[in-house]
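Scroll down for the structure; my scribbles are underneath it.
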Amino acid sequence: MTGTDQIRLTGLTVFGRHGVFEHELADGQDFTIDLTLHLPLADAAASDDVRDTVHYGVLAEQVAAVVAGEPVDLIETLAQRIADVALADERVQMVDVTVHKPHAPIPLTFADVSVSIRRTRKGRR
């Protein structure tokens, strides 16, 4: 998608209870979220009014509520729910979401596990 501007929110870390194992649901863990919203920002730049853009503070709270909310088995599902929140604002044309699960139950040394998705307004469910 060309010609769109971006708002990025990276490193949003929220405690949640997601995973396929019982101990993941019981104990929970931190998840880190990265978002890139693709939307036109010329109106906001011209008006200097937060009402003409996506308020990233409000968006962060909405995303945090999803992560801290209803448990899901897969971070793929969590990523989709986050994308749906971002696309609820009609100005957002496309969103990239990455969900990091750095404490995934893998019995090996690793730095991170993540899932990234891209959703467009046209491709929204």
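The residues of the chain are indexed from 1 along the displayed sequence. No experiment lies behind these values; they were computed from the predicted model shown.
Partners of Ser114 by side-chain hydrogen bond (donor to acceptor under 3.5 Å, both in side chains), not counting sequence neighbours: none found. Applying the salt bridge (charged side-chain N to carboxylate O under 4.0 Å, His left out) criterion to Asp49, with sequence neighbours excluded, gives Arg51. In this view, Thr36 satisfies the side-chain hydrogen bond (donor to acceptor under 3.5 Å, both in side chains) rule with no residue, not counting sequence neighbours. With sequence neighbours excluded, no residue forms a salt bridge (charged side-chain N to carboxylate O under 4.0 Å, His left out) with Arg8.
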Evaluate the side chain to side chain contact (heavy atoms under 4.5 Å, CB included) criterion for residues Thr13 and Phe31: first the C-alpha distance (whole Å), next the side-chain angles of each, then the deciding distance (0.1 Å), finally the verdict.
CA-CA 6 Å; Thr13 302; Phe31 295 83; over 6 Å; no
Run the side chain to side chain contact (heavy atoms under 4.5 Å, CB included) test on Val115 and Thr98 for me, step by step, so that the C-alpha distance in whole Å, both residues' side-chain angles and the decisive distance to 0.1 Å come before the verdict.
CA-CA 6 Å; Val115 166; Thr98 299; over 6 Å; no
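The main-chain N or O of Gly11 is found under 3.5 Å from a side-chain atom of Asp34 such that the two form a donor-acceptor pair. A distance-only check finds a donor-acceptor pair linking the side chain of Arg17 to the backbone of Leu25 [under 3.5 Å]. Under a 3.5 Å cut-off, the side chain of Glu61 and the backbone N or O of Val58 do not form any donor-acceptor pair. Proximity of a side-chain donor or acceptor of Arg91 to a complementary backbone N or O of Thr53 within less than 3.5 Å is detected.
The side-chain heavy atoms of Arg121 and Glu90, taken from C-beta on, include a pair separated by under 4.5 Å. Side chains of Thr120 and Gln93 form no contact here, defined as non-hydrogen atoms less than 4.5 Å apart. A 4.5 Å side-chain heavy-atom check between Thr32 and Leu12 finds every atom pair outside the cut-off. Side-chain contact between Arg119 and Val97: absent, with no pair of heavy atoms (C-beta onward) separated by less than 4.5 Å. Side-chain atoms of Tyr56 and Leu9, non-hydrogen and from C-beta on, never get closer than 4.5 Å to each other.
For the residue pair Asp52 and Ser47, a side-chain donor N or O sits within less than 3.5 Å of a side-chain acceptor on the partner.
Distance check: Gln6 CD to His38 NE2 gives 5.0 Å after rounding to the nearest 0.5 Å. Taking NE2 of His23 as the start and CD of Gln29 as the end, the distance is 8.5 Å to the nearest 0.5 Å.
When all heavy atoms of Pro102 and Ala111 are compared, the closest pair comes out as CB-O, 4.1 Å. Scanning all heavy atoms of the two residues, the minimum distance from Ala86 to Leu37 falls at CB-CD2, 3.6 Å. Contact between Gly19 and Glu24 at its shortest, heavy atoms only, is CA-OE1, 3.3 Å.
Partner Val92 forms a side chain to side chain contact (heavy atoms under 4.5 Å, CB included) with one of Leu35, Leu87, Thr4, Ile7 and no other, that one being Leu87. With Leu39 as the partner, the side chain to side chain contact (heavy atoms under 4.5 Å, CB included) test is satisfied by one option alone out of Asp5, Val54, Val95: Val54.
Judged as a ring pair (Phe, Tyr, Trp, His ring centres under 6.0 Å), not a single pair has a partner in residues 90-120 (not counting sequence neighbours).
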Name every donor-acceptor pair, under 3.5 Å, that has one atom in a side chain of residues 64-77 and the other anywhere in the protein, sequence neighbours excluded.
none

